[in-house]
Amino acid sequence: MNIPSDFIQDLPAREERLDFASATGIFTTISPDNLMLIGAAADRMRQARFGLRTTYVHNLQINPTNVCVRGCDFCGFAVLPGKAGGYSIPEHEIMATVAAANPSEVHIVGGLSHDWKFTRALALVKSLRQHFPALYIKSFTAVEMDWFAKTEKRPIEDILDAFTQAGLNAMPGGGAEMFSERIRAQHFRQKLSADDWLAVHEAAHRQGIPSNATMLYGMGETMAERITHLFRLRDLQDKTGGFVAFIPLAMQYGVNDSRELSPLENLHVVAMSRLLLDNVPHIKAYWPMIGIETAAALSFGADDLDGTLGLEKIAHASGAKTPERMAAEEMARVIRLAGFDPVERDGAYQAIDTRKCA
Ligand code: V47
């Protein structure tokens with residue numbers, strides 16, 4: 001289908017939403033002209049909502065263990081139980097790291113390990129809440145929540161409720177990968193299915209737990225498969241309204257693999273996400289996987305750069321060439337350089353008055 005350029009230009013102002021057929025027509029071809037049109041439309045949509053405001057958070061990624069019973073072929077971070085290189089961080093070390101870094105938000109995600117099951121994960125959240133009352137705790141993906149439910153033989157609702165009582169604020173969006181049975185069969189056949197990932201998030205939203213969503217791209221999926229993924233998220237969001245942010249994750253091919261997704265493709269995914277996920281407030285440009293230079297992605301529809309991270313391990317275990325952490329001042333500098341207004345935020349996207357913190 002050949003979509004006229006004025007149709008794309010008018011997208012942000014149109015009443016009716018993009019349907020699957022128009023989305024396929026608009027997004028299937030990535031040419032420089034088409035990319036600039038899509039980017040400009042996505043930028044208008046983002047500016048209508050946020051102006052030039054671009055947020056980042058002083059956060060800490062905590063990966064309590066890399067031991068994982070699933071062998072997803074793209075994940076350089078996970079180590080099978082009993083194999084060399086597996087680790088588990090004792091709780092007192094996690095607490096000490098958080099105390100030293102004093103972040104606004106922690107993002108906790110690890111492997112599916114018999115050493116880190118429900119009771120231990122729950123105790124960690126409780127303890128963090130007790131020691132750091134103001135900390136925003138974004139913890140455990142749908143894949144981990146499902147693992148806790150299965151290993152405990154309890155309904156997912158009970159597990160989510162226990163985490164809420166313990167002090168969890170939100171769930172991260174990891175583990176969605178690509179909602180395609182074809183890609184799943186090739187790369188992550190043992191992992192939670194798309195239906196089950198969506199069901200865990202739906203349950204979380206119904207219990208008042210906000211969450212994020214991701215899409216891992218660059219595994220040989222078709223554009224129609226990417227679009228299907230985004231439509232499935234949009235449909236669930238229409239039902240629940242519980243997604244706060246969407247984060248496209250660019251495949252990192254491994255420490256011994258020099259392949260890298262092109263910046264143009266990364267910008268295309270950011271812009272497409274903003275235009276299709278018209279009901280999800282925040283679109284993040286995730287710098288560890290696409291490079292901080294893609295702060296330029298801020299004019300392609302993204303409004304948030306995630307955070308300082310402390311120590312990013314998942315992308316780097318798979319060969320990411322970006323730094324492992326970023327100073328808040330550097331994030332603000334790059335945002336300003338791209339022509340936007342940097343705002344430090346907390347986990348709930350509220351601006352932090354950094355002058356008061358200084
Ligand atoms: O769940 C694993 C993915 C995710 C690779 O919710 C890979 O705010 C690329 O989910 N190449 C973890 N990706 C990261 C994540 C995330 C990041 C930032 C913010 C939020 C949020 C969530 O990374 C995993 C998996 O889907 N992943 N291996 C790889 N080789």
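The structure presented is a predicted model; accordingly, all values stated were derived computationally and were not measured. One-based numbering, in listed order, for ligands and for the atoms of each. For the numbers below, each heavy atom of this structure counts, side chains included, while hydrogens, waters and symmetry mates do not.
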May I ask you to check whether over 12 heavy atoms, not counting those of Arg189, lie within 6.0 Å of atom CZ?
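Counting other residues, nucleotides and ligands, CZ of Arg189 stays at 12 neighbours or fewer.
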Quick one: side-chain hydrogen bond (donor to acceptor under 3.5 Å, both in side chains) partners of Gln252, sequence neighbours excluded?
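Per chain and number, Gln252 pairs via side-chain hydrogen bond (donor to acceptor under 3.5 Å, both in side chains) with no residue.
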For Thr308, check side-chain hydrogen bond (donor to acceptor under 3.5 Å, both in side chains) against everything at least two apart and list the hits.
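Partners of Thr308 under the side-chain hydrogen bond (donor to acceptor under 3.5 Å, both in side chains) test: His58.
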Taking distance alone, no hydrogens or angles, what donor-acceptor pairs closer than 3.5 Å link side-chain atoms of residues 30-37 to residues at least two apart or in another chain?
residue	atom	partner	partner atom	Å
Ser31	OG	Asn34	N	3.1
Asn34	ND2	Ile26	O	3.3

Between ligand 1 and the protein, which N/O pairs are shorter than 3.5 Å?
residue	atom	partner	partner atom	Å
ligand 1	1 (O)	Gly175	N	2.9
ligand 1	6 (O)	Gly173	N	2.7
ligand 1	6 (O)	Asn212	ND2	3.2
ligand 1	8 (O)	Lys138	NZ	2.7
ligand 1	8 (O)	Asn212	ND2	2.8
ligand 1	8 (O)	Lys284	NZ	2.8
ligand 1	10 (O)	Gly174	N	3.4
ligand 1	11 (N)	Gln252	N	2.9
ligand 1	26 (O)	Glu177	OE1	2.6
ligand 1	26 (O)	Glu177	OE2	3.3
ligand 1	30 (N)	Phe74	O	2.8
ligand 1	30 (N)	Gln252	O	2.9
ligand 1	30 (N)	Ser318	OG	3.1

Verify whether one side chain among Arg345 and Asn59 offers a donor that lies under 3.5 Å from an acceptor in the other.
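Side-chain D/A pair, Arg345 to Asn59: absent.
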Once the angle between the rings of Trp197 and Phe243 is folded into 0 to 90°, is it parallel (under 30°), tilted (30 to 60°) or perpendicular (over 60°)?
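Aromatic pair Trp197/Phe243 classed parallel.
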